[in-house]
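Here is the structure we will look at.
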Protein chains: 2
Amino acid sequence: MNFTISEENYIKSIYHLQQQSGIVNTNSLAAQMHTRAASVTDMLKKLKNKKLLQYERYKGFKLSETGKKVALQVVRKHRLWEFFLVEKLKFDWDKVHAIAEELEHISSDELVQRLDNFLGNPSFDPHGDPIPDKNGRIPTINQQNLTNIPLKKTVTVSSVGNQAPQMLEMLKHYNIALGTQVSVLNKFEFDGSLQIKIFKQNPCIISEQVAKNIFVHYAE
Amino acid sequence: MNFTISEENYIKSIYHLQQQSGIVNTNSLAAQMHTRAASVTDMLKKLKNKKLLQYERYKGFKLSETGKKVALQVVRKHRLWEFFLVEKLKFDWDKVHAIAEELEHISSDELVQRLDNFLGNPSFDPHGDPIPDKNGRIPTINQQNLTNIPLKKTVTVSSVGNQAPQMLEMLKHYNIALGTQVSVLNKFEFDGSLQIKIFKQNPCIISEQVAKNIFVHYAE
DNA sequence: AAATATTTTTAGATTTGTCTAAATTTTAAT
DNA sequence: ATTAAAATTTAGACAAATCTAAAAATATTT
């Protein structure tokens with residue numbers, strides 16, 4: 001089956017929202033898509049007709065198994081293209097999202113598979129997010145956000161929870177990227193902020209809000 | 001200024017048609033775009049309003065200077081992506097056109113420039129067609145079709161005039177690709193067909209129609 | 001449980017790009 | 001120079017995706 005760009009964008013947004021909250025409602029999807037609730041309702045009917053959605057009037061909705069497969073293919077394309085843009089074309093990792101939003105809708109399956117091979121079948125995109133394989137399987141990794149790790153332990157930044165340009169700009173300022181080694185020196189009870197030591201840099205302090213969005217992994 | 005995919009496709013088709021015949025008419029554009037004359041007229045009005053076209057009712061039309069610039073940027077993107085698909089992703093050169101038709105509408109200027117650099121600023125695409133530079137300048141090359149070169153002289157295939165899959169399939173069958181060395185052994189007056197010798201192969205005969213679509217270049 | 005607020009859906013309009021069928025203009029033929 | 005043929009344009013309709021405003025359903029508050 002083939003889908004319009006608009007349909008693919010809705011499917012992808014629903015997928016991301018239901019990853020967080022199980023079931024999705026009209027208003028939150030409208031907010032995510034920068035559109036109006038009425039437009040969402042219209043599209044939901046189309047997606048339901050195409051059996052991509054479990055949806056009943058006024059009740060909320062989520063993707064069917066078919067819908068989930070479609071979503072995972074779009075996510076796969078998005079993340080592979082992001083990897084291409086950063087690794088091959090040397091874009092900054094905080095500049096690639098908008099371009100990948102366009103590239104993810106190129107339809108050729110053979111293109112995706114060849115791109116995957118050309119890139120060396122990467123498992124994670126430049127933001128640390130897992131890249132689904134051609135069957136939609138997602139690699140897993142043991143991840144914790146920075147507020148949950150023991151003091152003094154050295155860990156590796158593996159992804160960021162919020163990819164807004166403002167967040168990415170901030171990380172750049174702190175000199176934090178994927179793969180950066182970090183340890184937490186101190187936790188301040190007053191506002192939850194953390195004093196951290198970034199590899200080869202002087203200790204600094206980050207807010208709880210930032211810390212919650214920095215995911216890391218470490219051995220055992 | 002920004003253009004829709006549909007507008008870009010019309011602009012590009014007009015560009016290719018006027019390269020051949022100077023001025024373009026509604027029916028030939030409709031045929032090229034696999035659409036109806038009435039749809040063409042509708043779009044012409046839009047393009048005229050945007051100052052991309054010189055167009056008067058019933059008179060034929062051609063691109064304005066602005067329109068030509070837009071066309072050249074689309075052609076540039078198309079040919080760079082074709083080069084990428086063949087050189088990096090190892091697609092057969094006769095399989096890339098449809099995918100490049102989609103990729104050519106990705107809008108980021110920075111993407112195009114970085115892609116160009118990544119590919120080593122190529123001058124010709126895998127079909128031998130020149131790739132406009134970022135200012136729209138087109139590299140030139142001394143080209144002749146196979147019917148116009150002296151007998152026995154060894155020449156190099158540099159482009160093909162017709163890129164229909166049927167033509168490309170035929171060339172593949174003959175084992176002719178860009179860069180292949182060829183010489184013409186004999187010209188048959190009866191039907192204009194040519195006996196040719198392809199490097200490392202036995203002599204064979206090609207029709208005049210095929211010969212006219214094989215462009216070659218040679219020193220002095 | 002009634003009143004109020006929130007969420008969601010419907011009804012109807014708009015824009016873009018397309019179509020068919022009919023009308024108009026230009027070109028070619030007698 | 002009429003007439004016939006071909007090319008082009010207009011008129012009016014349609015589908016997709018969106019919107020606003022109003023109605024309907026659900027949730028929350030007192």
Side-chain angles (χ1 to χ4, degrees), chain A residues 1-15 17-18 20-63 67 70-71 74 101-102 104-105 107, chain B residues 1-15 17-18 20-63 67 70-71 74 101-102 104-105 107:
Chain A
M1 249 237 242
N2 261 346
F3 305 100
T4 66
I5 290 174
S6 189
E7 286 169 339
E8 286 189 350
N9 282 331
Y10 273 93
I11 293 166
K12 192 184 55 158
S13 286
I14 295 167
Y15 174 80
L17 286 174
Q18 77 181 28
Q20 299 170 338
S21 36
I23 202 146
V24 188
N25 57 5
T26 305
N27 271 344
S28 57
L29 182 52
Q32 173 98 353
M33 306 263 322
H34 305 104
T35 185
R36 301 311 177 115
S39 310
V40 170
T41 302
D42 290 343
M43 182 57 86
L44 291 178
K45 285 183 199 159
K46 284 175 211 160
L47 296 179
K48 186 184 182 181
N49 280 338
K50 295 193 175 187
K51 315 266 188 216
L52 298 165
L53 215 58
Q54 290 164 28
Y55 160 60
E56 284 185 76
R57 274 160 65 266
Y58 292 100
K59 296 295 185 191
F61 46 89
K62 56 181 179 179
L63 294 174
V70 175
V74 179
E101 287 285 298
E102 292 187 60
E104 73 190 6
H105 302 294
S107 57
Chain B
M1 249 233 244
N2 261 349
F3 305 101
T4 66
I5 289 174
S6 189
E7 286 169 340
E8 286 190 350
N9 282 332
Y10 273 92
I11 292 165
K12 190 183 57 159
S13 287
I14 296 166
Y15 174 81
L17 287 174
Q18 77 180 30
Q20 299 169 337
S21 37
I23 201 143
V24 188
N25 56 8
T26 305
N27 271 343
S28 58
L29 182 52
Q32 173 98 353
M33 305 262 323
H34 305 105
T35 185
R36 301 311 176 112
S39 309
V40 169
T41 302
D42 290 344
M43 182 58 87
L44 292 179
K45 285 183 200 159
K46 285 176 210 160
L47 296 178
K48 187 185 182 181
N49 281 337
K50 295 192 176 188
K51 314 268 190 215
L52 298 165
L53 215 58
Q54 290 163 27
Y55 161 60
E56 283 184 78
R57 268 155 72 262
Y58 293 100
K59 296 294 186 193
F61 46 90
K62 56 182 179 178
L63 294 175
V70 175
V74 179
E101 288 285 299
E102 291 186 61
E104 72 190 6
H105 302 294
S107 57

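First the proteins, then the strands, lettered A, B, ... as listed; each starts at 1. From a predicted model like this one, the values you see are computed outputs, not experimental measurements.
- For B/Ile11 against B/Gly67, the heavy-atom pair with the smallest separation is CG2-O, 3.6 Å.
- Of the residues in residues 24-33 of chain A, A/Asn25, A/Thr26, A/Asn27 come within less than 4.0 Å of DNA chain C through at least one heavy atom, sorted by number.
- A/Phe61 comes within contact range of no nucleotide atom at all, as no heavy-atom separation falls under 4.0 Å.
- For DNA chain D, the span of nucleotides reached by chain B at under 4.0 Å from its heavy atoms goes, 5' to 3', from D/dA7 to D/dT10.
- A/Glu102 is linked by a side chain to side chain contact (heavy atoms under 4.5 Å, CB included) to B/Ile106, B/Ser107, counting only residues two or more places apart in sequence or in another chain.
- Judged by distance alone, with hydrogens and angles left aside, A/Tyr58 brings no side-chain donor or acceptor close enough to the base of C/dT7 to form a pair under 3.5 Å.
- Taking CD of A/Glu104 as the reference point, atom NZ of A/Lys12 lies at 3.5 Å (rounded to 0.5 Å).
- Residues satisfying the side chain to side chain contact (heavy atoms under 4.5 Å, CB included) criterion with B/Thr26, sequence neighbours excluded, are B/Ala37, B/Val40, B/Thr41, B/Leu44, B/Phe61.
- The backbone N or O of B/Leu17 lies less than 3.5 Å from no partner atom in the side chain of B/Gln32, so there is not a single donor-acceptor pair.
- Applying the salt bridge (Lys or Arg N to Asp or Glu O under 4.0 Å) test to residues at least two apart or on different chains, the pairs with a partner in residues 38-50 of chain A are A/Glu7-A/Lys50.
- Rounded to an integer number of Å, the gap from OH of B/Tyr10 to P of C/dT16 is 15 Å.
- The side chain to side chain contact (heavy atoms under 4.5 Å, CB included) search around A/Ile23 returns none, not counting sequence neighbours.
- Of the side-chain N and O atoms in B/Ser6, one or more sit less than 4.0 angstrom from OP1 or OP2 of C/dT18.
- Taking every heavy atom of both residues into account, B/Ala71 and B/Tyr15 meet most closely at CB-CB, 3.6 Å.
- Taking the C1' atoms of five terminal pairs at each end of the helix from C/dA1-D/dT30 to C/dT30-D/dA1, the two resulting helix axes are inclined by 10°, rounded to 10°.
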Apply side-chain contact (heavy atoms from CB on, under 4.5 Å) to residues A/Tyr10 and A/Leu53 and explain how you reach the verdict. CA-CA 11 Å; A/Tyr10 273 93; A/Leu53 215 58; over 6 Å; no
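- Counting only heavy atoms from C-beta outward, the side chains of B/Tyr55 and B/Leu47 never approach each other to under 4.5 Å.
- Between B/Lys46 and C/dT16, a side-chain N or O to OP1/OP2 separation shorter than 4.0 Å is absent.
- Among the protein residues, B/Thr41 comes within range of the nucleic acid bases, having at least one heavy atom under 4.0 Å from a base atom.
- Counting heavy atoms from C-beta outward, A/Ile14 and A/Leu52 have side chains that stay 4.5 Å or more apart.
- With rounding to the nearest 0.5 angstrom, the OG atom of B/Ser13 is 9.5 Å from the NE2 atom of B/His34.
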Please list each protein N or O that sits under 3.5 Å from an N or O in nucleotides 20-22 of chain C, with the distance.
none

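- Here the straight-line distance linking atom OG of A/Ser6 with atom NE2 of A/His105 works out to 9.0 Å at 0.5 Å rounding.
- Listed by chain and number, the residues in a side-chain hydrogen bond (donor to acceptor under 3.5 Å, both in side chains) with A/Ser28 are A/Asn25 (sequence neighbours excluded).
- A heavy atom closer than 4.0 Å to some atom of DNA chain C occurs in A/Tyr55, A/Arg57, these being the qualifying members of residues 47-57 of chain A.
- Remark: A/Glu8 pairs with no residue by the salt bridge (charged side-chain N to carboxylate O under 4.0 Å, His left out) rule, at least two apart or across chains.
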